[in-house]
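These figures come from a predicted structure and were not determined experimentally. Labels below follow one simple rule: chain letters A, B, ... track the order of the sequence lines, proteins then strands, and each chain is numbered from 1.
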Number of protein chains: 2
Amino acid sequence: MKLLLVEDDPLHLSYLREQIGGALPECDEVFEAANGQDAEALARRHPGADIVMDLQMAGRTGIEAARTIWRERPTTRILFWSNYSDEAYVRGISRIVPMGAAYGYVLKSASEERLRLALRGIFLQNQCVIDNEVRGLQQRSLGQAGGFTESEYEVLLDIALGLTDRAIAERRGLSLRSVQNRLHQIYDKLEVSRPEAGGEEPVLNLRARAVSVAILRKLLNHGALERAEAELRGWMAGRARH
Amino acid sequence: MKLLLVEDDPLHLSYLREQIGGALPECDEVFEAANGQDAEALARRHPGADIVMDLQMAGRTGIEAARTIWRERPTTRILFWSNYSDEAYVRGISRIVPMGAAYGYVLKSASEERLRLALRGIFLQNQCVIDNEVRGLQQRSLGQAGGFTESEYEVLLDIALGLTDRAIAERRGLSLRSVQNRLHQIYDKLEVSRPEAGGEEPVLNLRARAVSVAILRKLLNHGALERAEAELRGWMAGRARH
DNA sequence: ACGGCGTTTGCGGGATCGCGCAAGGGCTTT
DNA sequence: AAAGCCCTTGCGCGATCCCGCAAACGCCGT
């Protein structure tokens, strides 16, 4: 059994090695990478290897690496081992998991026991093991209760990037008015619709406020913004060429 | 010599203990806290203790704890040991350092050698030791080159929270026009002033765009927003009582 | 086919935002 | 004092945003 560890913090890496030595004695080969690029290359060279990987790393993100790895070999088992339980990460992952692939998501703050159980569950039993703190988000993220449609989430990203209504309409292929309707739904779900009673003057700019509470609720985070920004640049470039 | 370690991640804590044992043999008493509140209480009970502490912890932040500790005893030496070099954190700290206090800021990704040097420099030699990656921000944060005035930063936070121009004017005691001038300076410094040539339609909503690039450049982060949000709630409450 | 239900689209108006222009106050320089 | 600079404030205009209203389209079940 072969394992590929992807983690850029040497401290966490050594902890990981130790836990794996204890929990997975049937693992006899361990490869290591410190970023997404090396991870993809190593995964290509060792087609049988399972993967444990961190999410946020310098350069290529764990999510990006996972996407290309899964695209090339959808049965690869991956355990994501991350600091955060932001919805932005969970959403990013649940969008790229291939049907039936075994994977896991455990927080670095989890106990040793939890990590060991996840390692054995995923790599020996082919289970999916997801920490409780994450599981809550998982469901909201796909179901609807308080969660966001994919297209609503896209528009949310667009206003977070600072796009104008008209630009969003053009980019997403909607009419101007539809974009505004989307915005209204978003304002509703984020509960920024003016609760201000009576004839008072509004204190909040809904558009900006929506982005604010989205970040506070961890629907958006720095990484998600960066990815969206990159996509935006691509779109702008293609658009400039008429 | 007494030391107080404030760190909520047991893994990092044990690493810290180990490094301190090696680098500071003259340290004979070590206390530990896992959050800001406990840290403040312990610091009160042991007035001679120096402090090593993490920045982001559940509950009370390291920055908040540092502020109250320094308020009570401005000569306390504190080494901040953190994952991030976001400007938001650096700014938060440089606002609360008492005159002449010895303190330090080293990244968790730094080498063992760097950490040991910082420990000895701060606690034995009364120096200020700040990692290079952070130092860059430090200077921009206070000087002006590309950096932000305190009042500009406040307004930036306000629009990030979603406040309306009028609300900002009321809150900061400025005229509506002055707020707009501040915004213009902010747009300038963030380089969101429409580079769009010719009679094209604008693609960006400046207000929202400014927040976006502020986050991408790590001028703002989740923690800074949370603190600002808390202050905002306080202001709104006081305002409601006319 | 017919009547509901949700979504999409257009129109119009009121409020806000973005900003150029110009007048005033405070500060330093000559 | 006079001149210069920076910041503040007010006025006004155009563009955008926010939203209520109503018509058009697709979808579903009886």
Side-chain angles (χ1 to χ4, degrees), chain A residues 144-145 148-214, chain B residues 143-145 147-214:
Chain A
Q144 70 273 45
F148 279 60
T149 308
E150 202 54 41
S151 79
E152 284 170 350
Y153 191 72
E154 284 178 350
V155 173
L156 177 60
L157 276 174
D158 284 342
I159 64 171
L161 288 174
L163 287 180
T164 219
D165 286 12
R166 201 185 318 284
I168 300 177
E170 180 184 346
R171 187 180 185 193
R172 304 297 179 193
L174 300 173
S175 83
L176 194 68
R177 195 58 180 83
S178 289
V179 173
Q180 294 170 337
N181 282 340
R182 292 271 150 96
L183 288 182
H184 191 75
Q185 301 168 225
I186 293 176
Y187 299 153
D188 258 7
K189 294 193 180 175
L190 292 176
E191 296 169 333
V192 291
S193 301
R194 39 191 91 251
E196 345 204 3
E200 295 198 19
E201 59 195 3
V203 180
L204 294 176
N205 174 321
L206 295 188
R207 168 177 292 252
R209 182 61 182 168
V211 176
S212 182
V213 327
Chain B
Q144 69 274 42
F148 279 60
T149 309
E150 202 53 42
S151 78
E152 284 170 352
Y153 192 71
E154 284 178 351
V155 174
L156 178 59
L157 276 174
D158 283 342
I159 64 172
L161 288 173
L163 286 180
T164 214
D165 285 13
R166 201 186 317 286
I168 301 178
E170 180 184 346
R171 186 179 185 196
R172 302 298 180 191
L174 299 173
S175 83
L176 192 70
R177 195 59 181 82
S178 289
V179 173
Q180 294 171 335
N181 282 339
R182 291 267 148 99
L183 288 182
H184 190 75
Q185 302 168 225
I186 293 176
Y187 299 155
D188 257 8
K189 294 192 179 176
L190 292 177
E191 296 169 334
V192 290
S193 301
R194 37 190 90 249
E196 344 206 2
E200 295 198 17
E201 58 195 3
V203 180
L204 295 177
N205 174 321
L206 295 187
R207 168 178 293 252
R209 182 61 182 170
V211 177
S212 182
V213 327

Separation of atom [atom1] in [X] from atom [atom2] in [N], rounded to whole Å:
X         : N       : atom1 : atom2 : result
Leu176(A) : dA15(D) : CG    : P     : 15 Å
Arg166(B) : dA15(C) : CZ    : P     : 10 Å
Ile186(B) : dC17(C) : CD1   : P     : 14 Å

- Item | 5'-most by nearest nucleotide on DNA chain C - Val179(A) or Leu163(B) |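 Going by which nucleotide is closer to the 5' end, it is Val179(A).
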- Message: Both Ser175(A) and Ala208(B) contact DNA chain C. Taking the nearest nucleotide for each, which residue is further toward the 5' end?
- Response: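 In this pair, the answer is Ser175(A).
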- Message: For the helix from dG3(C)-dC28(D) to dT30(C)-dA1(D), what angle separates the axis at the start from the axis at the finish, each from five pairs, in steps of 10°?
- Response: 20°
- Message: OP1 or OP2 of dT8(D) versus the side-chain N and O atoms of Arg182(B): is any pair under 4.0 Å?
- Response: yes
- Query: If only side-chain N and O atoms of Ser178(B) are considered, is one of them under 4.0 Å from the OP1 or OP2 phosphate oxygen of dT8(D)?
  - Reply: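 Checking dT8(D) against Ser178(B), no side-chain N or O comes under 4.0 Å of OP1 or OP2.
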Collect all protein-nucleotide pairs involving nucleotides 26-28 of chain C in which both atoms are nitrogen or oxygen and the distance is under 3.5 Å.
none

- Message: Using the side-chain contact (heavy atoms from CB on, under 4.5 Å) criterion, which residues pair with Glu154(B)? Sequence neighbours excluded.
- Response: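 Here the qualifying residues are Arg172(B).
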- Just jot down the side-chain contact (heavy atoms from CB on, under 4.5 Å) partners of Ile159(B), sequence neighbours excluded, or say none. Leu156(B), Ile168(B), Leu183(B), Arg207(B), Ala210(B), Val211(B)
- Nucleotide nearest Leu206(B) when distance is taken to its side chain, options dC17(D), dG18(C), dC18(D):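 The answer is dG18(C).
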Write down the atom of [X], the atom of [Y], and the distance for their closest heavy-atom approach.
X         : Y         : value
Leu161(A) : Arg209(B) : O-NH1, 2.7 Å
Leu163(A) : Arg171(A) : CD1-NH1, 3.9 Å
Gly162(A) : Ala208(B) : CA-CB, 3.7 Å

- Message: Taking the side chain as everything from C-beta on, heavy atoms only, tell me whether Gln185(A) gets closer than 4.5 Å to Val155(A).
- Response: no
- Query: Looking at CD of Glu152(B) and CG of Asn181(B), how far apart are the two atoms once the value is rounded to the nearest 0.5 Å?
  - Reply: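 Answer rounded to 0.5 Å: 11.0 Å.
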Write out a two-atom table: protein N or O, nucleotide N or O from nucleotides 20-25 of chain C, distance below 3.5 Å.
unit_1	atom_1	unit_2	atom_2	d
dG20(C)	N7	Arg177(B)	NH2	3.1
dG20(C)	O6	Arg177(B)	NE	2.8
dG20(C)	O6	Arg177(B)	NH2	2.7
dC21(C)	N4	Arg177(B)	NH2	3.4

- Can you sort out the partners of Thr164(A) under side-chain hydrogen bond (donor to acceptor under 3.5 Å, both in side chains), two or more places apart, ordered by chain and number?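 Here no residue qualifies.
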